[in-house]
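Chain letters run A, B, ... following the sequence lines, proteins first and then strands; every chain starts at 1.
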Number of protein chains: 2
Amino acid sequence: MTNGHKQLLTIKQVAEATKLSVHTLRYYERIGLIHPIERADNSHRRYTHEDIGWIDFLLKLRATGMPIHEMQVYAELQREGDHTLPQRVEMLKRLQHDLEARIDDLNEHLKLIRYKVSFYSEVIAVNTEKELV
Amino acid sequence: MTNGHKQLLTIKQVAEATKLSVHTLRYYERIGLIHPIERADNSHRRYTHEDIGWIDFLLKLRATGMPIHEMQVYAELQREGDHTLPQRVEMLKRLQHDLEARIDDLNEHLKLIRYKVSFYSEVIAVNTEKELV
DNA sequence: GCTTGACTTAGAGCACGCTCTAACTTGTAG
DNA sequence: CTACAAGTTAGAGCGTGCTCTAAGTCAAGC
């Protein structure tokens with residue numbers, strides 16, 4: 001540690017750490033995906049490591065395809081405190097089931113694509129042979 | 001068969017069969033995802049069963065998350081004829097690998113969600129017990 | 001004192017993938 | 001003859017999720 005305070009990060013550092021742009025970080029805060037970030041005296045944002053943890057989790061929700069509106073609901077419940085835990089668990093359960101269903105669908109589509117790739121590859125191979133004869 | 005021609009379908013029937021709206025069917029044709037559909041004397045579209053087959057395939061590509069621009073390229077290659085088969089196979093191979101990677105990612109996210117669900121469920125269960133004591 | 005650069009805000013703009021509207025034609029039923 | 005249903009086109013509009021711009025503040029270095 002270089003000083004006695006907890007390590008606070010600038011928006012640029014958080015952008016680098018999370019791979020979000022500074023624009024997107026401010027946007028997420030504006031729409032309530034991220035709680036209002038603490039400010040330094042000059043009104044610049046100062047992020048904590050807990051903030052980064054939350055953002056990382058958000059990015060995981062996003063990667064599952066959860067729409068922003070739903071993430072907003074989740075974030076709001078989180079801010080309301082521990083008594084909303086059951087509702088958040090319900091949301092996560094629904095997400096889990098959605099995700100399972102979507103993965104199953106994608107696996108079905110993957111099967112079809114694999115089949116087409118091998119079938120068409122065979123067609124190409126046969127045609128190439130003919131040309132060689 | 002009610003007549004000697006191949007069975008042709010109206011746009012409405014195709015919309016019902018594919019679950020696309022008539023708007024979307026026309027839109028897909030306009031942007032080249034679907035080749036120009038044959039017309040009846042009154043200029044109404046008449047779809048063949050092969051057209052439906054192509055649309056079903058398109059919907060599968062769409063369901064894999066392939067962007068419209070790429071589907072346009074694929075559709076154009078298809079229209080150019082058999083000699084583009086190798087290029088189409090390359091596209092499908094890339095899609096296959098993408099899909100495999102995305103499914104892996106989703107499975108990772110699913111693990112996390114499952115973990116959170118069971119962890120938080122446990123927290124709730126413990127708190128509920130305490131209340132009962 | 002002046003420039004540079006990192007930050008701030010409010011709000012405009014954009015890419016994607018539809019989705020709908022307006023105005024019109026055509027065929028069928030009463 | 002009229003009304004209605006189903007189709008047509010060109011083009012406008014919309015929801016999502018960013019992404020960028022303009023105008024300004026502020027601190028540090030020359």
Heavy atoms under 4.0 Å, any strand shown: does A:R45 hit a base, just sugar-phosphate, or nothing? sugar-phosphate

Distance only, no hydrogens: is a donor on one side chain within 3.5 Å (strictly under) of an acceptor on the other, for B:S43 and B:R39? no

Test item: side-chain donor near acceptor, A:R79 and A:Y74, under 3.5 Å: no

Is B:R39 close enough to D:dT9 that one of its side-chain N or O atoms is under 4.0 Å from OP1 or OP2 there? yes

Length of the line joining [X]:[atom1] and [N]:[atom2], which is rounded to integer Å:
| X | N | atom1 | atom2 | value |
| --- | --- | --- | --- | --- |
| A:R26 | D:dT21 | CZ | C1' | 12 Å |
| B:N42 | C:dG27 | CG | P | 5 Å |
| A:R46 | D:dC26 | CZ | C1' | 12 Å |
| B:L9 | D:dG7 | CG | P | 12 Å |
| B:I11 | C:dT26 | CD1 | P | 18 Å |
| B:L58 | C:dG17 | CG | C1' | 14 Å |
| B:K12 | D:dT8 | NZ | P | 13 Å |
| B:H44 | D:dA5 | NE2 | P | 15 Å |

Donor-acceptor contact below 3.5 Å, side chain B:T84 vs main chain B:E80: no

Salt-bridge test for [X] and [Y]: reply yes if a basic N is under 4.0 Å from a carboxylate O, no otherwise.
| X | Y | result |
| --- | --- | --- |
| A:E108 | B:K60 | no |
| B:K93 | B:E90 | yes |
| A:R114 | B:E100 | yes |

Every protein N/O lying under 3.5 Å from an N/O of nucleotides 15-20 of chain D:
| from | atom 1 | to | atom 2 | distance (Å) |
| --- | --- | --- | --- | --- |
| D:dG17 | OP2 | A:I68 | N | 3.3 |
| D:dC18 | OP1 | A:R62 | NH1 | 2.8 |
| D:dC18 | OP2 | A:Y28 | OH | 2.6 |
| D:dC18 | O5' | A:Y28 | OH | 3.4 |

